[in-house]
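Comments concern the structure below.
Numbering of residues begins at 1 and proceeds along the displayed sequence. Source: prediction; values computed, not measured.
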Amino acid sequence: MHTGRLNFMHRSWGPLEPFDDSFARILSQNGVYTHLVSDHLHYFEDGGWGYASAFDSWDFIRGQEYDALETLVRPPVERFKEKFDQRHYPFAELELGQNITKRNVDGAVWKKTRGAINREFLTDEADFPTAKCFDKALRFIDKNRECDDWFLQLECFDPHEPFVAPERFKEAYDTGYNGKILDWPVYEQVTESEQEIAEIRGNYAALVAMCDEYFGRLLDVFDELDLWKDTALVLTTDHGFLLSEHEWWGKNRMPYYEEISHIPLMVWHPDHANQGGSRRSGLTQTPDLMPTFLELHNCKSSPRVTGTSILPLLEGEVSVNRSLALGMFSGPVCVTDGRYSYFRYPDDLSGKNLNLYTLMPTHLSKHFDIEELQTAELVEPFDFTKGAPLLKVRMDPKNGQVGQDGLSLEGCETVLFDLHNDPKQENPISAPDVEARLAAEIEQHFDRHDAPLELYDHFSLLRPELRAGSAVVNAT
């Protein structure tokens with residue numbers, strides 16, 4: 001979203017790179033004041049450097065997921081074991097009277113212990129991070145409503161695991177379940193009973209309801225201050241979450257089904273008020289937001305941007321993208337043209353032959369391992385690095401996105417779906433001609449992003465030099 005281009009072809013989750021063009025920085029350089037309000041804890045881990053500081057100012061709300069709202073050196077382990085279901089909160093290995101640190105227990109256990117501790121201190125609705133985020137955002141709007149040329153990014157982590165909402169929202173989705181707490185699913189195939197599934201989904205629905213109500217408060221402020229006449233508003237998210245659909249929980253391992261990848265995008269623009277409530281069928285994705293934000297403020301986009309401004313879609317039905325590629329480093333790659341969705345897995349599911357290309361050698365929550373850095377070599381620039389050479393580092397599979405979640409791609413395979421005839425993606429089809437066409441689309445997306453040559457090999461695709469002069473390569 002910051003750079004207007006995909007990065008999963010070159011590295012896993014990581015910071016803004018020195019050569020990256022952030023929309024927040026560009027806006028600021030052009031006199032547009034930028035402010036971030038977020039409880040997104042990953043911004044303040046090793047792999048989140050540079051995103052918040054790209055804004056002119058920011059507010060960080062504590063206590064989301066495993067970010068410490070309050071601190072207990074020795075949490076009430078026995079009470080936690082009685083209260084939380086072991087399948088979602090693996091506390092069996094914790095000992096009574098033990099100091100729980102980030103490095104003396106399993107990473108997943110530590111995170112979920114932190115989440116359980118946070119829950120101890122969410123006594124009032126005003127304590128919840130979502131409530132605090134909206135409070136900060138509304139205060140910013142109230143203070144600056146008479147000013148022009150500002151950009152506010154209100155980024156709430158919810159609805160996200162753990163699915164914890166104030167009791168008044170939970171009551172509306174009561175399932176009658178009276179077992180131990182189930183609200184933080186592991187990304188795996190479904191094994192729970194129907195009642196347990198209903199309880200997990202009910203907890204998620206309660207959290208969505210909370211988000212919905214608080215977003216409604218923002219809309220109320222737009223009404224009260226008549227911001228609709230001169231303020232644009234964009235609502236979107238990063239991804240969805242499988243809640244037992246396709247017999248899966250979560251994301252990352254399995255194909256990026258519609259529930260995960262087909263995210264909402266709603267836009268209000270005062271100059272297009274007559275289009276309010278209308279829909280568009282064109283393909284868009286997150287990198288398109290960066291050039292859109294810049295165009296909203298009459299700023300030029302970077303030549304390295306691969307996203308496309310969606311402002312023409314506000315006028316009417318136009319095509320801005322022929323197809324979209326999506327994925328994550330060391331996971332499957334997907335391409336969709338709106339009619340078909342094609343998920344291509346590599347033959348080698350381990351990802352052990354992939355290289356990371358970066359000048360910021362950090363994973364999500366830690367630096368690169370010394371063993372990884374020992375493989376590093378300085379290589380020629382890519383076309384988006386402004387002439388800067390990069391470190392090429394052989395990735396340990398455990399540090400890919402799937403590996404960081406303690407998972408693997410085992411049991412997953414390449415599939416093709418016809419979204420017109422099978423919108424729920426329940427029946428994969430065999431259509432070699434369609435698959436070949438979409439594989440060629442992936443190749444072109446890789447070309448456009450100057451992907452490493454070994455990535456083509458990883459997915460059994462043709463390198464650019466092997467397609468030179470072909471009709472597919474020259475198609476536009």
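- No side-chain heavy atom of Asn355 sits under 4.5 Å from any side-chain heavy atom of Pro452.
- Geometrically, Arg217 engages Tyr214 in a cation-pi contact defined by less than 6.0 Å to the ring centre and at most 45° from the axis.
- The minimum heavy-atom distance linking Met290 with His2 is given by the pair CG-O, 3.2 Å.
- Residues satisfying the salt bridge (Lys or Arg N to Asp or Glu O under 4.0 Å) test with Lys229, not counting sequence neighbours, are Asp226.
- Cation-pi contact between Arg5 and Phe384: present, with separation from the ring centre below 6.0 Å and deviation from the ring axis of at most 45°.
- Between Asp21 and Arg25 there is no salt bridge, since none of the side-chain N atoms of the basic residue sits less than 4.0 Å from a carboxylate O of the acidic one.
- Proximity of a side-chain donor or acceptor of Thr336 to a complementary backbone N or O of Leu324 within less than 3.5 Å is not detected.
- Note: Phe163 and Trp184 fail the aromatic proximity criterion, with ring centroids not under 6.0 Å apart.
- The aromatic rings of Phe151 and Phe23 lie perpendicular to each other, with more than 60° between the two planes, well past the 30° mark.
- At least one donor-acceptor pair closer than 3.5 Å links the side chain of Asp174 to the backbone N or O of Gly176.
- Checked against the 6.0 Å centroid criterion, the rings of Trp150 and Phe140 qualify as a close aromatic pair.
- One side chain, Thr34 or Asp56, offers a donor N or O that lies under 3.5 Å from an acceptor on the other.
- A 6.0 Å sphere centred on NZ of Lys386 holds more than 12 heavy atoms belonging to other residues, nucleotides or ligands.
- Residues Ser278 and Arg280 have side chains that bring a donor and an acceptor to within less than 3.5 angstrom of each other.
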